[in-house]
Amino acid sequence: MQVPPGNPLLLSLTLQELLARDAVQVELVPEKKGLFLKHVEYEVSSQRFKSCVYRRYNDFVVFHETLLHKFPYRMVPALPPKRMLGADREFIEARRRALKRFINLVARHPPFSEDTILKLFLSFSGPDVQNKLKESAQCLGDEFMNCRLAARAKDFLPADIQTQFAMSRELIRNIYNSFHKLRDRAERMVSRAIDNAADLLIFGKELSALGSDTTPLPSWASLNSSTWGSLKQALKGLSVEFALLADKAAQQGKQEENDVVEKLNLFLDLLQSYKDLCERHEKGVLHKHQRALHKYSLMKRQMVSAAVQSREPESVEQLESRIVEQENVIQTMELRSHFSLYCLHQETQLVHVYLPLTSHILGAFVNSQIQGHKEMSKVWNDLQPKLRCLFVGPHGAPAPPRPPQDGLSAH
């Protein structure tokens, strides 16, 4: 895109600068006992404002509505769904994670991060934050009404903005689809790591149970009683190593859930908010503009018809006044349409600022795999010497296992 130098349309931000704007933590507050109606409450702490406040889901809803009202032409991330009856811990935890992603995307968004409603939400510790947010939204209009560049937005847009917008929308749709598949596969890998941890733990417990068996040997097996006793003693001690292996596998799964899956979800939330913004632009601003033009066209026809039919002067004057009003509406809608494209251009840049997050995600994934395999390999190597007593030779002496030879079984 060809844009003038010094154009306020351009964002000069890096991913590191965005991430450094704030880091917001969202943690569950333990439920109070003895209450019939229990509401999930969150402790929301902001590094930037050095604040710690308590919020409920409905507080997030009002904050989200206020953002949409004040910034209709910006990427406002969606909220997770409202709590259903009988919501389990898994749902509550998933929603906590989603709320954390939401508030961090908002806290790092350039226009949002400088607005008073963000500071209000993150730092106001009074009894009714919802009313405070609503009052704040009523006092001021939306971004178009408060931005000094809104009326001149068209001057900063490239001539081929509509073509570029269509291309950017298609590109981001493709990126979203690819990242969605990556996230699904990452979730499956985390699930397998957790399942592997559970299997290793059970495997070790079963070996321990086998080694702790107190069933007496039958008389015909008495010749091998010492062998079985040695085996049981060895098996009983293996559960420690398998428990350690299970713990390492679970740690790896948890780390990849936090560092890989969550970051993929964060980027997907951002991309989805861009897709939603594009729909709002087409179904909102453009649709209203078209309706205003259609209404104006009908009024002009009525004016021509009135002139031909020589109606009363008062009715003609009223019609002329309505046409002037509608012309003002159309002019405002045209300005809003250009400002919407101006914002879309900036939001597209913001998505691209976040794209290097891909390298962070891949780096976290690779490092987790290397560290996980390294730690588990050490435990396996420590376990190997303890298996020697399990392999008894023909004269009762320990015999280490021989490696398989080309897959051929012994005869």
Side-chain angles (χ1 to χ4, degrees), residues 1-4 6-13 18 63-79 102 105-106 108-115 117-118 137-138 140-173 175-176 269-297 325-354:
M1 295 185 193
Q2 296 298 319
V3 291
N7 192 334
L9 183 66
L10 299 179
L11 293 180
S12 56
L13 285 169
L18 273 182
F63 178 56
H64 181 263
E65 291 171 351
T66 306
L67 282 173
L68 279 173
H69 170 77
K70 196 164 186 180
F71 297 98
Y73 311 125
R74 300 289 182 179
M75 292 186 296
V76 180
L79 284 176
F102 162 80
L105 284 173
V106 170
R108 294 162 181 167
H109 189 286
F112 301 165
S113 64
E114 302 304 321
D115 198 87
I117 59 171
L118 175 69
Q138 290 170 357
L140 300 170
D142 65 8
E143 186 185 11
F144 172 79
M145 297 175 66
N146 292 286
C147 179
R148 59 185 178 83
L149 297 175
R152 298 168 47 220
K154 184 180 180 180
D155 299 338
F156 303 108
L157 295 174
D160 60 346
I161 182 63
Q162 294 291 356
T163 302
Q164 294 294 337
F165 165 57
M167 291 170 61
S168 296
R169 189 177 185 183
E170 180 65 22
L171 172 63
I172 289 174
R173 184 188 294 117
I175 292 173
Y176 175 87
D269 289 349
L270 179 77
L271 295 174
Q272 182 61 54
S273 67
Y274 182 86
K275 292 170 65 180
D276 294 341
L277 175 62
C278 292
E279 287 190 15
R280 287 204 303 276
H281 173 73
E282 289 188 338
K283 295 180 180 178
V285 179
L286 294 184
H287 183 62
K288 288 179 181 177
H289 191 195
Q290 289 169 356
R291 281 193 305 174
L293 287 172
H294 178 67
K295 187 176 180 181
Y296 178 73
S297 176
E325 288 178 7
Q326 191 61 20
E327 286 175 344
N328 291 334
V329 169
I330 290 172
Q331 184 181 13
T332 301
M333 290 310 304
E334 285 178 348
L335 291 174
R336 280 188 173 272
S337 180
H338 291 132
F339 184 67
S340 178
L341 285 169
Y342 176 95
C343 294
L344 259 171
H345 193 298
Q346 288 191 328
E347 300 302 276
T348 305
Q349 294 175 68
L350 189 59
V351 170
H352 285 272
V353 172
Y354 268 99

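Hydrogens, waters and symmetry mates are skipped; everything else that's a heavy atom, side chains included, is used. Starting from 1, each residue takes its place in the sequence as its number.
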With side chains defined as the heavy atoms from C-beta onward, is the minimum distance between [X] and [Y] less than 4.5 Å?
| X | Y | result |
| --- | --- | --- |
| Lys70 | Phe112 | no |
| Phe71 | Asp142 | no |
| Tyr274 | Leu344 | yes |
| Phe63 | Leu68 | no |
| Asp276 | Arg280 | yes |
| Phe102 | Leu79 | yes |
| Pro77 | Val106 | yes |

Between atom [atom1] of [X] and atom [atom2] of [Y], what is the distance when rounded to the nearest 0.5 Å?
| X | Y | atom1 | atom2 | answer |
| --- | --- | --- | --- | --- |
| Leu67 | Met75 | CG | CE | 12.5 Å |
| Gln346 | Gln349 | CD | CD | 6.5 Å |
| Phe156 | Leu10 | CZ | CG | 10.5 Å |
| His345 | Ser340 | NE2 | OG | 13.0 Å |
| Arg173 | Ser168 | CZ | OG | 11.5 Å |
| Glu347 | Leu270 | CD | CG | 8.5 Å |

Is there a side chain to side chain contact (heavy atoms under 4.5 Å, CB included) between Leu341 and Gln162? Walk through the geometry before answering. CA-CA 8 Å; Leu341 285 169; Gln162 294 291 356; 3.5 Å; yes
Under-4.0 Å salt bridge between Glu282 and Arg169: yes
Just jot down the ring pair (Phe, Tyr, Trp, His ring centres under 6.0 Å) partners of Phe144, sequence neighbours excluded, or say none. Phe339
Could you walk me through whether Phe165 and His281 pass the ring-ring contact (aromatic ring centres under 6.0 Å, His included) check? CA-CA 11 Å; Phe165 165 57; His281 173 73; 5.5 Å; yes
Could you name each residue pair satisfying side chain to side chain donor-acceptor pair (under 3.5 Å) that touches residues 143-154, not counting sequence neighbours? Arg74-Glu143
Check whether the side chains of Arg336 and Tyr73 place a donor and an acceptor atom closer than 3.5 Å, and report yes or no. yes
So, His69 and Glu65: side-chain donor and acceptor under 3.5 Å apart, yes or no? no
Leu13: side chain to side chain contact (heavy atoms under 4.5 Å, CB included) partners, not counting sequence neighbours: Glu17, Leu18, Arg21, Pro110
